[in-house]
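Input: a single structure, listed below in structure tokens.
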Amino acid sequence: MKRANFPQNDFATALKKVRLAKKLSQEDFSLVSSRTYVSSLERGVYSPTLNKIDALAEVLNVHPLALMTLSYVNHSKSGSISALIERVQTELAALDEPVLNRTSLG
């Protein structure tokens, strides 16, 4: 099966950009991660789990999707946040409604 042609993310840059914009130090994440782990994330050494992204976003006081959007926007063809969000909205709208509601059925 051929691999989909999706842009690679740049979570490392996004995390550091948001952290600096919020004037937080790596030590400010001590309740959810060690300073060395945050540093490793910012250098692209590790990739966080979704649960870790949730925890990091909480410290940053941003929605996890804001952090993820910044992770992908620099690698999208248009390079704009609005174009990326429009693409995601179009893709979600194209999904069958029963597929989106399947998780609520148990």
Side-chain angles (χ1 to χ4, degrees):
M1 175 181 224
K2 184 179 177 185
R3 184 175 173 199
N5 189 20
F6 289 104
Q8 297 296 311
N9 72 70
D10 191 1
F11 186 83
T13 300
L15 176 60
K16 187 171 185 174
K17 182 183 287 188
V18 176
R19 179 179 64 78
L20 294 175
K22 296 286 188 167
K23 296 180 176 29
L24 296 173
S25 69
Q26 291 176 341
E27 289 82 9
D28 290 326
F29 292 83
S30 64
L31 292 178
V32 299
S33 287
S34 69
R35 186 206 58 77
T36 56
Y37 183 69
V38 173
S39 174
S40 295
L41 290 174
E42 289 183 354
R43 289 181 288 123
V45 175
Y46 298 121
S47 295
T49 64
L50 288 174
N51 287 338
K52 184 57 72 175
I53 291 171
D54 286 344
L56 296 168
E58 186 173 332
V59 173
L60 292 165
N61 197 30
V62 298
H63 193 284
L65 289 177
L67 197 52
M68 294 304 298
T69 299
L70 287 174
S71 297
Y72 284 93
V73 74
N74 292 332
H75 292 281
S76 68
K77 289 180 182 177
S78 69
S80 83
I81 292 172
S82 59
L84 181 59
I85 290 173
E86 183 177 329
R87 176 183 171 180
V88 171
Q89 287 176 324
T90 300
E91 291 172 359
L92 289 173
L95 295 173
D96 293 331
E97 191 171 317
V99 171
L100 291 174
N101 292 325
R102 190 171 296 163
T103 57
S104 65
L105 298 175

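One-based numbering along the sequence shown.
- Taken to the nearest 0.5 Å, the OG1 atom of Thr13 stands 13.0 Å off from the CZ atom of Arg43.
- Other residues, nucleotides and ligands contribute more than 12 heavy atoms inside 6.0 Å of the OH atom of Tyr37.
- Contact record, Lys16 with Glu42: CA-OE2, 3.6 Å, taken as the closest heavy-atom pair.
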message: Please evaluate residues Thr49 and Asp54 with respect to the criterion side-chain contact (heavy atoms from CB on, under 4.5 Å), reporting the C-alpha separation (whole Å), side-chain torsions for both, the decisive distance (0.1 Å), and the verdict.
response: CA-CA 9 Å; Thr49 64; Asp54 286 344; over 6 Å; no
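- To the nearest 0.5 Å, the span separating CD on Glu27 from OG on Ser33 amounts to 12.5 Å.
- A heavy-atom distance below 4.5 Å is not found between the side chains of Leu31 and Val59.
- For the residue pair Gly44 and Ala12, the shortest heavy atom distance occurs at N-CB, 3.6 Å.
- Side-chain contact between Asp28 and Val38 is absent, with no heavy atoms from C-beta onward closer than 4.5 Å.
- The hydrophobic cluster containing Ile85 also contains Tyr72, counting ILVMFWY residues as joined when their side-chain heavy atoms lie under 4.5 angstrom apart, directly or transitively.
- Atom CG of Leu20 sits about 9.0 Å away from atom CG of Leu15, to the nearest 0.5 Å.
- Side-chain contact between Ile81 and Leu70: present, with at least one pair of heavy atoms (C-beta onward) separated by less than 4.5 Å.
- Between Met68 and Ile53, some side-chain heavy-atom pair lies under the 4.5 Å cut-off.
- Across all their heavy atoms, Ala57 and His63 have their closest contact at CB-C, 4.2 Å.
- Side-chain contact between Phe11 and Leu56 is present, with at least one heavy-atom pair separated by less than 4.5 Å.
- Judged by distance alone, the side chain of Arg19 and the main-chain N or O of Leu24 form a donor-acceptor pair under 3.5 Å.
- Between the Ser39 side chain and the Arg35 main chain, no donor and acceptor come within less than 3.5 Å of each other.
- Heavy-atom minimum distance, Leu41 versus Tyr46: CD2-O, 3.5 Å.
- The backbone N or O of Ser47 sits nowhere less than 3.5 Å from a side-chain atom of Lys52 that would complete a donor-acceptor pair.
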